[in-house]
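Naming convention: chains lettered A, B, ... in sequence-line order (proteins, then strands); numbering from 1 in each chain. Below, each value reflects all heavy atoms present in this structure, side chains not excepted, and no hydrogens, waters or symmetry copies.
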Amino acid sequence: MDQQLLALVDCNSFYVSCERLFAPKLRNRAVVVLSNNDGCVVARSKEAKKIPIAMGVPLYQIKEYVDSGRVIAQSSNYTLYGDLSQRVMAVLAAFGRSQEIYSIDECFLNLTGDPNPFTTMQLARQRVAQYVGIPVSVGIGPTKTLAKLASELAKDHPLGVFSCPSPGPELAAILHGVPLSDVWGIGARIGEKLSDWGVRTALDLARLNIHRMRDRFGVTGARVIEELRGVSCMDLQSEPPPKQSITVSRSFGEQVTERADLRSAIATHIERAAEKARGQRLCATSLTTFVERNRFDATAPQCDGAYTVTFPVPTNLTSELLATADVCVQKLWQPNGRWKKAGITLLGLVDQDAQQQSFLDPIDRVRAQALMQAMDTINHKHGRNLVRTGTTTLSQRWRPHNNRCSPRYTTCWDELLVLP
DNA sequence: TCTGGGGTCCTAGGACCC
DNA sequence: TCTGGGGTCCTAGGACCC
């Protein structure tokens, strides 16, 4: 069995690269792509990173750069990015045994057994550039975490591909140069706490006592250490796992205080989510509506809230989902509320086609059992071939303990047939 | 004045059941 | 007055990712 070998392919400044395909004047310039309402920066070109412009900064904070022409700010076009992403992924799929599409601009490839992984990835890079026109960086390593880390190093590498050495002094030297915050899975919070322990670099983390990490940060923390040591804890998933939730949310352009405005926004989000669910052939068991105040405004009254409605039968029908809007608004609205954001999440997703099945299964089971009993009894008594027919109805059973309903099936026998 | 949107996983604690 | 322990389900909240 070959030692596992993975590659992480990452599109460079993906949204900016997409925009550059159709606007050559954006090349070699500092470019940023903005979020939905042109609110803040969600992508930066290499030149913009150098200035530096931080990820996520609001547009007004870099207004001077934009006004002076030093930085070009571009509105986003997610349909375009989604389309180009599919093309990039399709080209890359041919270069590994299997592929896991991790995000819109990244995928893992399984290179296990490839005698020349570095050459293969150089070719992959060329092909993507040739067929789609998007520049990519490739990191190669024995675990996802190391491949990811290598892909960051690849961005500064002239060949655009970087291969992680096997665990040993050479790898240790590399990890020593990587700040903790660049390690996949270590965010701001955990990074800060680890810093208090004197852990500053990826090497410090790889050498940390794993039990200490496990006690303080759980299994996810311990996994990061193992992966940095070359022990794979995260498998490549070539089949995308089934979706668990669908969210639609938006910030308001300006604060909302009116009940009707809140209802209107929620209704719009529900309609959009219903479309998404039907598009993916999924039905929801529950719908959560949430509202938030402006978290940057300390004077805003506390009016955050969430309310969940559970459906007796999973649904993706706009009308059925929309019917919950009024009760949600009623629960969440308050006289002095000033809201900045509203959204809805569909949860408990089940396959639309399988849903029909699971809905019928219990009925069939009940019916079949009752039928067999009835037939046994009658046929035993009368020595004849008898069978009963009837209707099965679905009703709800209230569960006070968790404020939910569960389905109840009732069968009503109404006919006695004699079989020939 | 102006600050995105969509996900996942893990854990702790409460309620319930046997 | 005494009043178990183990398992499961559910939810809220925290942390992370792109």
Worksheet item: Taking DNA chain B as the partner, which of residues 219-239 of chain A come within under 4.0 angstrom of it by heavy atom?
Response: Val219(A), Thr220(A), Arg223(A)
Worksheet item: What integer distance in Å separates Gln244(A):CD from dC10(B):P?
Response: 10 Å
Discussion item. What I want to find out is whether Arg295(A) reaches Asp304(A) closely enough, with some N-O distance under 4.0 Å, to be called a salt bridge.
Written reply: no
Item to complete: Tell me, yes or no, whether the heavy-atom count around Asn28(A) atom CG, taken from other residues, nucleotides or ligands under 6.0 Å, exceeds 12.
Response: no
Worksheet entry | Verdict with reasoning, Val309(A) to Cys328(A), per side-chain contact (heavy atoms from CB on, under 4.5 Å) | CA-CA 8 Å; Val309(A) 175; Cys328(A) 289; 4.0 Å; yes
Response to the item:
Under the rule of Watson-Crick or G-U wobble with both distances under 3.5 Å, where | means paired to another strand and [ ] a crossing pair, DNA chain C maps to ....||||||||||||||
Worksheet item: For Glu64(A), does the CD atom sit with more than 12 other heavy atoms under 6.0 Å from it, leaving out its own atoms?
Response: no
Worksheet item: Residues from residues 183-204 of chain A sitting under 4.0 Å of DNA chain C, heavy atoms only?
Response: Val183(A), Trp184(A), Gly185(A), Ile186(A), Gly187(A), Ala188(A), Arg189(A), Ile190(A), Lys193(A)
Practice prompt. Could you tell me whether Asp204(A) and Arg200(A) have a side-chain N and a carboxylate O separated by less than 4.0 Å?
Written response: no
Item to complete: Indicate whether OP1 or OP2 belonging to dG5(B) is found under 4.0 Å from a side-chain N or O atom of Ser35(A).
Response: no
Worksheet item: Nearest nucleotide by nearest heavy atom, which residue falls closer to the 5' end of DNA chain B, Lys243(A) or Gly39(A)?
Response: Gly39(A)
Worksheet item: If you measure only the distance, is there a donor-acceptor pair under 3.5 Å linking the side chains of Thr247(A) and Thr345(A)?
Response: yes
Practice prompt. Under 4.0 Å between any heavy atoms, over every strand shown, what does Leu34(A) touch: base, sugar-phosphate, or nothing? Just pick one.
Written response: nothing
Practice prompt. Take the protein atom CZ of Phe217(A) and the nucleotide atom C1' of dA12(B), then report the distance between them rounded to whole Å.
Written response: 17 Å
Worksheet item: If you count the non-hydrogen atoms of other residues, nucleotides and ligands that lie under 6.0 Å from NE2 in His157(A), is the total more than 12?
Response: yes
Worksheet entry | Heavy atoms from other residues, nucleotides or ligands near CD of Gln61(A) exceed 12 (cutoff 6.0 Å) | yes
Fill in: Minimum heavy-atom distance between Thr288(A) and Ala306(A), given as atom pair plus value
CG2-CB, 4.2 Å
Practice prompt. Using distance alone, with no hydrogens and no angle criterion, decide if Ser151(A) and Asp10(A) have a side-chain donor and acceptor under 3.5 Å apart.
Written response: no
Worksheet item: Counting only heavy atoms not in Gln130(A), do more than 12 sit closer than 6.0 Å to its CD atom?
Response: yes
Worksheet item: Which of the following nucleotides, dG6(B), dT11(B), dG4(B), is nearest to the side chain of Arg214(A)?
Response: dT11(B)
Item to complete: Select from Gly218(A) and Tyr15(A) the residue whose nearest nucleotide in DNA chain B is closer to the 5' end of that strand.
Response: Tyr15(A)
Worksheet item: With sugar-phosphate meaning primed atoms plus P, OP1 and OP2, does Ser245(A) contact a base, only sugar-phosphate, or nothing at under 4.0 Å between heavy atoms?
Response: sugar-phosphate
Worksheet item: Is it true that Lys340(A) and Asp297(A) have a side-chain N and a carboxylate O under 4.0 angstrom from each other?
Response: no
Response to the item:
From the list Val71(A), Val33(A), Leu59(A), Val57(A), side chain to side chain contact (heavy atoms under 4.5 Å, CB included) with Val41(A) holds only for Val57(A)
Worksheet entry | side-chain N/O Ser249(A) vs dG5(B) OP1/OP2, d < 4.0 Å | no
Item to complete: Determine the minimum heavy-atom distance between Arg29(A) and Ser45(A), stating which atoms define it.
Response: O-OG, 3.2 Å
Item to complete: Taking atom types as modelled, find out whether Gln237(A) and Tyr102(A) have a side-chain donor-acceptor pair closer than 3.5 angstrom.
Response: no
Practice prompt. Would you jot down, in residue-number order, the residues of residues 48-66 of chain A having a non-hydrogen atom under 4.0 Å from DNA chain B?
Written response: Pro58(A), Tyr60(A)
Worksheet entry | Strand contacts (DNA chain B) in residues 292-305 of chain A, 4.0 angstrom heavy-atom criterion | Arg295(A), Phe296(A)
Practice prompt. Nearest whole angstrom, please: distance from the P of dC2(B) to the CG of Asp67(A).
Written response: 18 Å
Item to complete: Before accepting this row, confirm whether a basic side-chain N of the pair Arg278(A)/Glu275(A) lies closer than 4.0 Å to the acidic partner's carboxylate O.
Response: no
Worksheet entry | Distance, C1' atom - from dC17(B) to dG4(C), rounded to whole angstrom | 13 Å
Discussion item. Is the terminal nitrogen or CZ of Lys193(A) (NZ for Lys, CZ for Arg) located under 6.0 angstrom from the six-membered ring centre of Phe217(A) and within 45° of that ring's axis?
Written reply: no
Response to the item:
Smallest heavy-atom separation, Ile134(A) atom then Leu21(A) atom, equals CD1-CD1, 4.0 Å
Worksheet item: Above 12 or not: heavy atoms from other molecules or residues under 6.0 Å from CD of Gln334(A)?
Response: yes
Worksheet item: Between residues 84-110 of chain A and DNA chain B, which residues have a heavy-atom gap below 4.0 Å?
Response: none
